[in-house]
Protein chains: 2
Amino acid sequence: MVYSAGMEPNDDPTRPATRWNDAWRGVLFASAKVLRTAERELLAREGFPLTWLDVLAQLYDAPGNGLRMQELEERSLFTRSGLTRLVDRIEAAGLVRRESVAGDRRGVRVALTSEGRRRHDEAFVEHFRLIEREFGRRLTPNQQEAVADALTGFWHDEATAPPE
Amino acid sequence: MVYSAGMEPNDDPTRPATRWNDAWRGVLFASAKVLRTAERELLAREGFPLTWLDVLAQLYDAPGNGLRMQELEERSLFTRSGLTRLVDRIEAAGLVRRESVAGDRRGVRVALTSEGRRRHDEAFVEHFRLIEREFGRRLTPNQQEAVADALTGFWHDEATAPPE
DNA sequence: TGTCAATAATTGAATGAGCAGTAGTTGGCA
DNA sequence: TGCCAACTACTGCTCATTCAATTATTGACA
């Protein structure tokens, strides 16, 4: 949610027409629209929102299907306090479990339960199809490659936007 | 916010490696990271969030610097009720004004005040520079063109994701 | 003209997210 | 050994957003 204002090519000094302008608008709209659809469908099909799938998928990808809160925070776009309560809800639904960390009593390890694993697999497959349908198929192979190539920098470098 | 899970190229059936995969991830991360930075800076500099700038810019671009709530809803990614309260806040800050619509007493027209216009101009210029710095400059001219070309469909057709 | 479904916008209740502050734990160093 | 700053995670408060219900108005049609 999101700046989506019009930037028509004209002479307005507050609306300069640049090359990257349309690229940015495309990125903004593509992510907003696809995510909105994905959110709606996931909620309808699985009964939980995208934020849950994000957490489940992070855990799934982690060694031993578990991560500490801190690690989860780094990998998601959440703040710590947001994550605490998000994990609360997912745990209450039985899809993850909090475990203590050997050797550090401050820490908490969040791990997928077998039910969480099952729901993840199920949800992810459908989610994947949806992204393919709503995003992938709307691009030619060349376009897919070009976009991937142009934007890899945004998820590769950690140097982007460190708070201050 | 948002699904950002890892999809490493491997043999996992729930993590098929496809061409559009990296493109989608790029779109997702680019918008999330740039928006996060933009939000922070705008708030620090102007004292209002991106949602306000979005509304101000829509009004600025509209004929007579005003729009009805309904039109604003179509142009933004908000629900009607969300907009009502968003406009409440912006109005309380004196940047927009609610006016009655001639010939339809149900309707409300939201218009920029002169202060709103001033704040818009000021904020937008800086916002524009920020997007250029955080997004535009990270792409070569060819990449800018390729991304713009690949993604225009997402803001041109209205056919995308109509609620059912 | 009177009725009533459709439309414009707002409001109430509930949910989700962030910031700032807190409690418990750890590790280094005097 | 004892102290203290740093770290991990959680909690209180507040704000922003949505869904569903509500109010006011309109326009079409009998």
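All chains are named by letter (A, B, ...) in the order of the sequence lines, taking the proteins before the strands, and each is independently numbered beginning at 1.
Contact annotation: side chain of A:T79 to base of C:dC19, donor-acceptor pair absent below 3.5 Å. No N or O donor and acceptor, one from the side chain of B:R106 and one from the base of C:dT10, sit under 3.5 Å apart. A donor N or O paired with an acceptor N or O is not found under 3.5 Å between the base of D:dC10 and the side-chain atoms of A:S81.
In this structure, B:I90 and B:V110 have side chains that are not in contact, with every pair of non-hydrogen atoms separated by 4.5 Å or more.
Spacing between atom CZ of B:R89 and atom P of D:dT14 amounts to 16 Å, rounded to whole angstrom units. Rounded to whole Å, atom P of D:dT17 lies 12 Å from atom CG of B:D88. Distance A:Q70 CD to D:dA6 C1': 12 Å, rounded to the nearest Å. The distance between atom CZ of A:R68 and atom C1' of D:dC10, rounded to the nearest whole Å, is 14 Å. At whole-Å resolution of the value, CD in B:E39 and C1' in C:dG18 are 11 Å apart. The interatomic distance linking A:D54 (CG) with C:dG16 (C1') rounds to 15 Å, in whole Å. When rounded to the nearest whole Å, the span between CG of B:L50 and C1' of D:dT17 equals 16 Å. Look at CG on B:L43: it is 14 Å from C1' on C:dA17, rounded to the nearest Å.
As judged by a 4.0 angstrom heavy-atom cut-off over every strand, B:G107 is placed among residues touching the sugar-phosphate backbone only. Residue B:R80 is in base contact, counting any heavy-atom pair closer than 4.0 Å across all strands shown. Within 4.0 Å (heavy atoms only), B:D104 reaches sugar-phosphate atoms of the nucleic acid but no base atom. Among the protein residues, A:R98 comes within range of the sugar-phosphate backbone only, with heavy atoms under 4.0 Å from sugar or phosphate atoms but none that close to a base.
Picking from D:dC10, D:dT17, C:dG18 the nucleotide with the shortest atom distance to the side chain of B:R85 gives D:dT17. For B:M69, counting side-chain heavy atoms from C-beta on, the closest listed nucleotide (C:dA9, D:dT17, D:dA9) is C:dA9. Nearest to the side-chain atoms of A:R105 among the listed nucleotides C:dC19, C:dA9, C:dT25 stands C:dT25.
Figure legend: B:R119 and B:F48 shown without cation-pi pairing, the cationic atom not lying both under 6.0 angstrom from the six-membered ring centre and within 45 degrees of its axis. A:R15 forms a cation-pi arrangement with B:F124, by the criterion of a distance under 6.0 Å to the ring centre and an angle within 45° of the ring axis.
Taken from CG in A:D54 to CG in A:L77, the straight-line distance is 7.0 Å, to the nearest 0.5 Å.
Between A:W20 and B:F128, the angle of the ring planes lies from 30° to 60°, which puts this pair in the tilted group.
Among all heavy-atom pairs drawn from A:A38 and A:L50, the shortest one is CB-CD1, 4.2 Å.
Each end of the helix from C:dT1-D:dA30 to C:dA30-D:dT1 gets its own axis, taken as the rotation carrying the C1' atoms of four end pairs onto the next four within a five-pair window, and the two axes meet at 10° to the nearest 10 degrees.
For B:R80, the side-chain hydrogen bond (donor to acceptor under 3.5 Å, both in side chains) test picks out B:E73, with sequence neighbours left out. For A:T14, the side-chain hydrogen bond (donor to acceptor under 3.5 Å, both in side chains) criterion is met by A:D12, B:Y60, not counting sequence neighbours.
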